[in-house]
2 protein chains.
Amino acid sequence: MSASQLPAKSSAEAAPLAQFQRIRSSRAFDEIAAQIRTELASGRLAVGSRLPSERALSEQFGVSRNTLREALRSLEHAGLIRLQKGARGGAFISQHSGEAIATGLMDMYHVGTIQPAQLTEARIWLESIVVREACRRATAADIDMLNRNIDEAQEARRRGDFASRAERHIEFHRMLARLTDNPIMVIVMNGVLDVLAHFVQRIGEYDNSFVLPSRRRFMEHFAAGDADAAVAEMESCLKRLQRSYMSRIQAAEGAPAAKAASRARRNPPAAQR
Amino acid sequence: MSASQLPAKSSAEAAPLAQFQRIRSSRAFDEIAAQIRTELASGRLAVGSRLPSERALSEQFGVSRNTLREALRSLEHAGLIRLQKGARGGAFISQHSGEAIATGLMDMYHVGTIQPAQLTEARIWLESIVVREACRRATAADIDMLNRNIDEAQEARRRGDFASRAERHIEFHRMLARLTDNPIMVIVMNGVLDVLAHFVQRIGEYDNSFVLPSRRRFMEHFAAGDADAAVAEMESCLKRLQRSYMSRIQAAEGAPAAKAASRARRNPPAAQR
DNA sequence: CTTTGGATTTTGGTTCAACCATTCTACTTT
DNA sequence: AAAGTAGAATGGTTGAACCAAAATCCAAAG
């Protein structure tokens, strides 16, 4: 492979591998992450390309491998790189990102920066945009897809499967967001819906028998291309849901232990104040 | 989230019927970060409280200090903790977050997941919400603040200070977002504006002589509480700006720029095949 | 000839034991 | 009492070593 780095100084290769400079300020890994970000922003590092191995990179930057790894950790968490073990592995520039935004919103909720009322409020605002734009762009196939989702939700309701029904309902909104064909709306809406799903799971079952009839009415307007009516129907439904959430939240305020964490705890808990 | 894996078809071998998931978290620091997040979500770790020192934590988790540090790095990047050196230093649960979302959007833009046209499109949509809600909530003091901002922008324009004028214009939109009093809108709008500012700075000066008159008209409607008219004025202004941006970026597109100006790479450079 | 199975190599994941730089505390000196 | 300084606590960094997974190569089996 031509990309192999040998200690022997060969002349500059034509490969897109960047020449990184030595770092200077405190917190070397911040500098390193910033330099790699700069390379990425400049276009010299395209999606799919592979950074040199940790050992090679740490030598290029003139830092230890541990420090370099902390920089990579930061970039990986941001969704910019994906790390792969084994021969031919390494750090690959990744496309998706987006996930970091969803977890960011979730963190803000957990830490109390976002209150439930603000969450549902923003959701209603965003949804009005999404519906309007989705209505403008939806094809017949898209409308079929949405109708299928409603059928599935109805089937889940018939079975008394609350979890599945809730999941279908949320998936409906994700579909609408995707129909806008705008990654910002998709990402933000997905993040908000993630938090909302978490929130709904915490407050438990609630009365949403009015949702399915509303969905049917919504789809009539939507299929007819009547964006205003579709938005109005959706907004009315969401506001009713919001009232339902808010009335339930006082009850759930006391016991926040509703997390079905299936994760295996093999180590002592981290808590200590 | 929403990551539907495509099952590799055509594997004719006798595979078990069940769909097994890929084992993921063999990485200790992921487990650690998840545990700390869980503690945070459960409310046992409040904002401002301090985690044990790295040395103590690594002992509690039964991992080396380096591994623990990689976990902390991930949490720090997310904005959940703030690290402080020296005696009485350590990892403190932090409030703000939000920054991670802005950098996430910026990353998505740099990596090409968000195209300039989609950026300005989403911005116009979001702004319509912001204006409507800000109009509903603005006090006389808020209106004064906005008017002051316009005066400053006009002053900057008189001096021919393009950078300052652009900064004032963007600050105007940040103010409006804050007036919604909804952290989600503030965070998302701030992130979008960050990217937009970066984008505008890249394409250089442009004709925006129409912005200030539009702002004055906007403020008339806004102060009168006429949200519809305010939204319409803002939208018209932003769409004109958008056309200006797009015409400039196409000009930059045509010339074979020295620095990789655009990155709409349809064919991702195959990752070392 | 193809297939299988295991050694080999490459690479990320982890550990350990130190040292440095910064910051706060507490004690000593003036 | 004020000022200065020694020390301790804590994050930041280092370098060498080993482990585990994944791709490759190669020889033996069919």
Side-chain angles (χ1 to χ4, degrees), chain A residues 1-7 17 22-36 49-77 80-94 266-267 272, chain B residues 8 11-14 20-36 49-77 80-94 270-273:
Chain A
M1 209 4 133
S2 63
S4 61
Q5 249 96 356
L6 299 180
L17 277 191
R22 269 188 106 83
I23 53 91
R24 44 191 191 286
S25 101
S26 66
R27 283 166 64 102
F29 57 82
D30 274 346
E31 284 280 330
I32 294 173
Q35 277 194 42
I36 296 180
S49 60
R50 174 178 167 277
L51 292 172
S53 74
E54 292 184 351
R55 290 162 176 89
L57 271 179
S58 65
E59 196 173 343
Q60 275 191 57
F61 281 111
V63 301
S64 80
R65 205 180 138 212
N66 282 320
T67 301
L68 188 270
R69 275 177 64 80
E70 293 195 24
L72 292 186
R73 196 66 48 228
S74 172
L75 294 173
E76 188 202 16
H77 184 270
L80 279 176
I81 61 176
R82 165 180 46 90
L83 295 162
Q84 208 169 317
K85 259 204 273 197
R88 318 289 295 165
F92 294 85
I93 305 299
S94 165
R266 35 167 230 208
N267 285 316
Q272 167 173 331
Chain B
S11 72
E13 51 190 65
F20 293 115
Q21 326 181 22
R22 212 168 174 78
I23 300 298
R24 209 57 194 103
S25 82
S26 65
R27 305 188 330 172
F29 57 81
D30 274 345
E31 282 280 330
I32 294 174
Q35 279 194 40
I36 296 180
S49 61
R50 174 178 165 278
L51 291 172
S53 73
E54 293 183 352
R55 291 165 176 86
L57 272 179
S58 64
E59 196 172 341
Q60 277 190 53
F61 281 110
V63 300
S64 80
R65 208 181 136 211
N66 281 322
T67 300
L68 180 101
R69 274 176 64 81
E70 293 195 22
L72 292 185
R73 197 63 49 227
S74 166
L75 294 173
E76 188 201 15
H77 179 88
L80 279 176
I81 61 176
R82 164 180 48 91
L83 295 163
Q84 207 169 317
K85 260 204 273 195
R88 316 287 284 193
F92 294 86
I93 306 297
S94 165
Q272 317 251 35
R273 234 4 28 199

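A note on names: the letters A, B, ... follow the listed sequences, proteins ahead of strands, and every chain is numbered from 1.
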Taking N or O atoms only and anything under 3.5 Å, show me the protein contacts with nucleotides 25-27 of chain D, one pair per line.
none

Heavy-atom protein contacts under 4.0 Å, nucleotides 3-11 of chain D, coded B base, S sugar-phosphate only, - none: ------BBB
Sugar-phosphate only, base, or nothing, as touched by A:R82 at under 4.0 Å among non-hydrogen atoms: nothing
Euclidean distance, atom CD of residue A:E59 to atom C1' of D:dA16 [Å, nearest integer]: 15 Å
Segment of DNA chain C, first to last nucleotide, that comes within the 4.0 Å heavy-atom reach of chain B: C:dG13 to C:dC24
Main-chain N/O of A:G89 paired to A:R50 side chain as donor or acceptor, under 3.5 Å: yes
Check: B:F61 and B:L68 side chains under 4.5 Å, non-hydrogen atoms: yes
Donor-acceptor contact present, side-chain B:T67 to main-chain B:V63, <3.5 Å: no
Value rounded to 0.5 Å, distance of CD in B:E59 from CZ in B:R65: 13.0 Å
Working for salt bridge (charged side-chain N to carboxylate O under 4.0 Å, His left out), residues A:R27 and B:E76: CA-CA 13 Å; A:R27 283 166 64 102; B:E76 188 201 15; 2.5 Å; yes
B:S94 and B:I81, any side-chain heavy atoms less than 4.5 Å apart: no
Minimum heavy-atom distance between B:I32 and B:A71, given as atom pair plus value: CG2-CB, 3.7 Å
Test log, rule side chain to side chain contact (heavy atoms under 4.5 Å, CB included), inputs B:N66 and B:F29: CA-CA 9 Å; B:N66 281 322; B:F29 57 81; over 6 Å; no
Least distance between heavy atoms, B:A33 atom then B:S74 atom: CB-OG, 4.5 Å
Side chain to side chain contact (heavy atoms under 4.5 Å, CB included) assessment of A:I93 paired with A:S49: CA-CA 6 Å; A:I93 305 299; A:S49 60; 3.6 Å; yes
